[in-house]
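Since the structure comes first, as C-alpha cells, the remarks are kept for the end.
Within every chain, numbering begins at 1; the chains are lettered A, B, ... in the order of the sequence lines, protein sequences first and strands thereafter.
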There are 2 protein chains.
Amino acid sequence: MSTPPERVTIKDVAAAAGVSKGAVSLAFNHKPGVSEATRDRIFAAARQLGWAPNSSARSLSRNSVDTIGLAVCRPARLLGLEPFYMEFISGIESVLVERDCSLLLRLVGSLEEEIQLQQRWWRERQVGGSILVDFHQRDPRIAPLRKLGLPAVGVGHPDLTGGFPSLWTDDATAVAEAVRYLAALGHRRITRVGGPTGLGHSAIRADAFERTMRELGLNGGRHVETGFSGEEGARATRMLLLSSDRPTAIVYDNDIMAVAGLGVAAEMGVSVPDDLSLLAWDDSQLCRLTHPTLTAMSHDVHGFGAEAARVLFDVIAGKEVTSRPVSTPSLVPRGSTAPPRR
Amino acid sequence: MSTPPERVTIKDVAAAAGVSKGAVSLAFNHKPGVSEATRDRIFAAARQLGWAPNSSARSLSRNSVDTIGLAVCRPARLLGLEPFYMEFISGIESVLVERDCSLLLRLVGSLEEEIQLQQRWWRERQVGGSILVDFHQRDPRIAPLRKLGLPAVGVGHPDLTGGFPSLWTDDATAVAEAVRYLAALGHRRITRVGGPTGLGHSAIRADAFERTMRELGLNGGRHVETGFSGEEGARATRMLLLSSDRPTAIVYDNDIMAVAGLGVAAEMGVSVPDDLSLLAWDDSQLCRLTHPTLTAMSHDVHGFGAEAARVLFDVIAGKEVTSRPVSTPSLVPRGSTAPPRR
DNA sequence: AGCCGGAGGTGAACCGGTAAAGCTCAGAAG
DNA sequence: CTTCTGAGCTTTACCGGTTCACCTCCGGCT
C-alpha cells in the first residue's frame, strides 16, 4: 500500500559512518564488537539521516515479531460503553511500551471470525502471540488455536480457557461478598442481572450467586440474562420492578446496566436506596457520577491488563507459566445500597 | 521475541505442489501466469500445510505495509468512558477488514511522546500511514510529522490540522444549533462546560458559542473549561448551580460530563428539566439510560472513523485528497431540556 | 623473533517473500 | 515448414536487515 518517497537503509548509514552494514547492526543492537568511537559515529550518522531499522527486515531475519494481538468480540456500540476494555488495553500497553512492542487490535463479529483472524495473524507471523478474552463455555476457539500452536494467554477461569495459561478474577468469591453484604443489610429478595450465560464468567457468577443465596438460606434469588447493554439492563430492571414479588436489591454484571437500572428506578418513582438497592460491577468512574452514587465491586483493570501482557511475554519466551488469579474485586459501598425499608 | 516451533515457508508449498516458489507467489497474489489446475494444486498444498505468506517477508520485498497507526493522547481512565473512541475505532476497522489491513493502536501520555512514536512507526515502516486525532491549537505534531513525510489524515478542522488532509465535524454550526434551540425554549442564561481550550475543537466550539449568544442578543453566556472528565463536569456543574446568577441551561462538551451534571443536579435538588436544562454532546447510548434522558447533539461516529480510514488509504495511494467535513451533529431532543420555569 | 589472543572490524550467506526477465512448447499465421 | 506468439512456468536478483565465519591489527609473553 505505501510507497515511501525516500528510503534510507542501513547501507546509507554504514556508508556515512564509513563502516560496513554489519557494524551498524552490531551498534544498533548494543552488541560487542564495535569501539566506543565507531559506535558514536554510527549513531551520529543514523540520527543525521533519520534512520531506524526497517521492522519487516528485522523480524524477517530474526524470525520474530514484536507485536501482540487482541481481538475483541463484542458489538462496538457496547464496547464503547464498557470502560473495562480501554482500561484493560491501557494496562497492556503500559507493558508493551517498556519492551518497544505494539498491540494489534481488532474488533470481530463472532468467535468463528476470531478463529480465522488469529490463524491468519499467527501463520503470517503478524503477531508473536495473543491475549484471548471473553471465554465462552466450551469455547470453540480453544481447539483450533491450540492446534495452531499460537502462544496465548487466556483471560478467564482455567476451567474455561482449556489449557491456555490463564489469568482471572475470582468472580465467585466476589459475588459471594456482594450477596453477603446485601443479605447483611437485611435483603432477602435479591436479583442478579447478568450477562449472557454462554459467556463463561457470567455462568461462574450465576453459580456463585445461587450457591451463596442457598448458603444464606435465601430462596428469593433470581437471575435475568442480558447482553450487557444498558438498554437490556433497563428493560430487565423495568420488568423486575413491575413483578409482584419485586426484589429489594439488584446486582448488575457491569456498571452500564447499573446506571440504566438507576435511571429506570427514577423513572418509575422507586427510591434508591430506600426502596431498592443497586450494586454495580467493574466500578468505573461512572459509578461516582450518578446520584445516588453506585455501590460497586471494584477491581484493578489496568493492572489486570498489564499482568496479562507480562504473562503473554513469558509464554512467548517459552517460560513455564502457571495460571493464577489476579486480585479479587472488592466491594466499595456507596449511596445505592441500604437496608430495605421494612 | 517469538521462536515458532515449525515453520512452513513458500518453498515447502512449492515443493508439495511440484512447482517453483514463483508460481506459488503468482497464485497467491491472483496474478495471471498459472493455469487453473496448477493454481488449485497450489492452494490445496497451502491449505494442507497451513501456510500463509509471512507478512514481514512480503512487506519487505513489496516495500509496503498493511498496517495503519492510531495514537491517542488522553488518560486511559477518561478514554474508557468516552464512547467516542471505541466507536471511532470500530468505524476504522470496518474499512480495514475489507482490505486485510490492521490497526496499530497506542495510548500515549503527551503529544511529544506521540511525535516520537509516529516517527519510529514511520521510519521503521511499521505503518503505512496514521490517523491523527485531538488537534491542539498550533499543534506541535504538525511540523515534525510533515517534515517526516508521514502519510496521514487529520481529524479536525483544517485550520487546526496544518496542511494534513482532514476530516471534521462542523462543530460551529452544531453549537449554533444547540444554542438557538435553548434560546428558542426561552433560556437566556446558558453556560457551556467545555473541554480544555488548548484542544482545537473546544476552542472552535467556544468561539461559536459566544458568537451565537451575541447574535441572539444574549449576554448571559459563560464558559467553564474542564479536562473532559466526569469529575470535572460534576465540579463545574456544582459551582454553576451555587453561583448567584445560575444558568438555566448547560451545554456539555461530551456526554459523560452531562451525566455527571445530571447527578449533581439531583444531588442538589435541582429539578431537570424544570429548573435546569442539560444538553450533552456525542450522544452515546448513555444519554438514553438516564432519567430524565439527555437531549444531545448526535452524530455518526462510526461513519466518521470509516471515512477517516478511507481517506487515509487515498493519501497513502498518493491520490489527491481534499479536506472535507463529515455530517454535522444534529440535535436530538429528549427529556433533559424544557422551557425555563419563569 | 615468533607466537598467541582478543578487540574491532569485514563479507557473505541467509531470512521468506516479490518481480521481472528468461525459457519452453503448442498452436496459429505466413 | 518455418516463424511468431503467448500462456505457463522457472530462474534469479532483489528487499533490508542479522549473524557468523573469518580477517587484521596490535600488544604481551616466552
Side-chain angles (χ1 to χ4, degrees), chain A residues 1-42 45-46 49-66 100 120 122-126 128, chain B residues 1-4 6-43 45-46 49-66 100 120 122-126 128:
Chain A
M1 109 191 176
S2 78
T3 316
E6 36 52 70
R7 41 210 191 114
V8 19
T9 77
I10 197 173
K11 216 181 298 181
D12 304 316
V13 175
V19 294
S20 69
K21 46 185 210 151
V24 177
S25 178
L26 290 177
F28 256 76
N29 291 293
H30 303 104
K31 295 198 176 170
V34 272
S35 67
E36 201 60 25
T38 314
R39 191 179 297 271
D40 289 349
R41 256 170 38 237
I42 292 173
L49 297 170
W51 177 80
N54 179 311
S55 63
S56 302
R58 184 196 284 246
S59 56
L60 179 57
S61 62
R62 281 205 192 146
N63 191 29
S64 75
V65 250
D66 55 357
D100 275 340
R120 272 201 38 191
W122 175 242
R123 290 185 172 145
E124 297 184 348
R125 296 288 183 270
Q126 285 212 62
Chain B
M1 115 188 172
S2 77
T3 317
E6 33 54 71
R7 45 216 187 105
V8 20
T9 76
I10 198 174
K11 217 181 297 178
D12 304 316
V13 176
V19 293
S20 69
K21 51 183 206 150
V24 177
S25 178
L26 290 177
F28 257 75
N29 293 293
H30 304 103
K31 296 197 177 172
V34 271
S35 66
E36 202 59 27
T38 314
R39 190 180 299 271
D40 288 349
R41 261 176 28 242
I42 291 173
F43 276 107
L49 297 170
W51 177 80
N54 178 312
S55 63
S56 301
R58 183 195 282 245
S59 56
L60 179 58
S61 66
R62 281 203 191 150
N63 192 27
S64 75
V65 248
D66 55 356
D100 275 339
R120 273 201 38 192
W122 176 242
R123 289 185 173 146
E124 297 183 351
R125 296 289 181 271
Q126 285 214 61

All heavy atoms of Ala16(B) vs all of Leu49(B), minimum pair found to be CB-CD1, 4.1 Å
On a heavy-atom basis, which atom in Ala27(B) and which in Ile42(B) lie closest, and how many Å separate them? CB-CD1, 3.9 Å
Taking only the side-chain heavy atoms of Ser25(B) (C-beta and beyond), determine which of dG17(D), dG9(C), dT18(C) contains the nearest atom. dT18(C)
Taking only side-chain nitrogens and oxygens of Arg7(B), does any of them come within less than 4.0 Å of OP1 or OP2 of dG16(C)? yes
Distance from Arg7(B) atom CZ to Arg125(A) atom CZ, nearest 0.5 Å? 9.0 Å
Heavy atoms under 4.0 Å, any strand shown: does Val19(A) hit a base, just sugar-phosphate, or nothing? sugar-phosphate
Would you indicate whether the side-chain heavy atoms of Asn54(B) and Thr9(B) approach each other to under 4.5 Å? no
Helix axis bend for the helix from dA1(C)-dT30(D) to dG30(C)-dC1(D) - C1'-based end axes, five pairs, 10° rounding: 60°
Under 3.5 Å, is there a donor-acceptor pair between the side chain of Asn29(A) and the main chain of Lys31(A)? no
Given DNA chain C, 5'-ward residue of the pair Lys31(B) and Arg41(A), judged by closest heavy atom: Arg41(A)
Can you find a side chain N or O atom of Ser56(A) that sits less than 4.0 Å from OP1 or OP2 on dG17(D)? no
Honestly, is Arg120(B) close enough over Trp122(B), meaning NZ or CZ under 6.0 Å from the six-membered ring centre and within 45° of the axis? no
What's the closest nucleotide to the side chain of Ser61(B) if the choices are dG16(D), dG17(C), dT10(D)? dG17(C)
Select from Ala52(B) and Ala23(A) the residue whose nearest nucleotide in DNA chain C is closer to the 5' end of that strand. Ala23(A)
Whole-Å gap separating P (dG16(C)) and CG (Asn54(B)): 7 Å
Can you tell me if Trp51(A) touches the phosphate of dG17(D), counting only side-chain N or O atoms and a distance under 4.0 Å to OP1 or OP2? yes
Got a list of protein N/O to nucleotides 20-22 of chain C N/O distances below 3.5 Å?
none

Contact class for Thr38(A) (heavy atom, under 4.0 Å): base, sugar-phosphate, or nothing? sugar-phosphate
Can you tell me how far apart CD (Glu124(B)) and OG (Ser59(A)) are? Round to the nearest 0.5 Å. 10.5 Å
Rounded to whole Å, the NZ-P distance (Lys11(A) to dC14(D)) equals 9 Å
Assess whether side-chain contact (heavy atoms from CB on, under 4.5 Å) is satisfied between Ile10(A) and Ser25(A), documenting all intermediate values. CA-CA 8 Å; Ile10(A) 197 173; Ser25(A) 178; 4.2 Å; yes
Provide the closest heavy-atom pair for Leu26(B) versus Arg39(B) in the form atom of the first, atom of the second, distance. O-NH1, 4.5 Å
Rounded to whole angstroms, how far apart are CG on Asp66(A) and P on dG17(D)? 14 Å
Spacing of Leu60(B) atom CG relative to dC15(C) atom C1', expressed in whole Å: 9 Å
Over how many whole Å does the gap from Asn63(B) atom CG to dA19(C) atom P extend? 11 Å
Just to be sure I understand the rule, does Ser20(B) reach a base, reach only the sugar-phosphate, or reach nothing, if contact means heavy atoms closer than 4.0 Å? base
Please report, rounded to the nearest Å, how far the P atom of dC15(C) is from the CG atom of Asp12(B). 11 Å
Phosphate OP1/OP2 of dT18(C): any Asn29(B) side-chain N/O under 4.0 Å: yes
What is the separation between atom CD1 on Ile42(A) and atom P on dG17(D), rounded to the nearest whole Å? 13 Å
Given dG16(D), dG17(C), dG8(D), identify the nucleotide with an atom nearest to the side chain of Pro53(B). dG17(C)
Side-chain contact check for Arg58(A): nearest option of dG16(C), dG16(D), dT18(D) is dT18(D)
Over how many whole Å does the gap from Glu36(A) atom CD to dG8(C) atom P extend? 9 Å
Sugar-phosphate only, base, or nothing, as touched by Lys21(B) at under 4.0 Å among non-hydrogen atoms: base
Tell me which pairs pass ring-ring contact (aromatic ring centres under 6.0 Å, His included) where either residue lies in residues 9-36 of chain B, with sequence neighbours left out. Phe28(B)-Phe43(B), Phe28(B)-Trp51(B)
Side chain to side chain, Arg41(B) and Val19(B), heavy atoms closer than 4.5 Å: yes
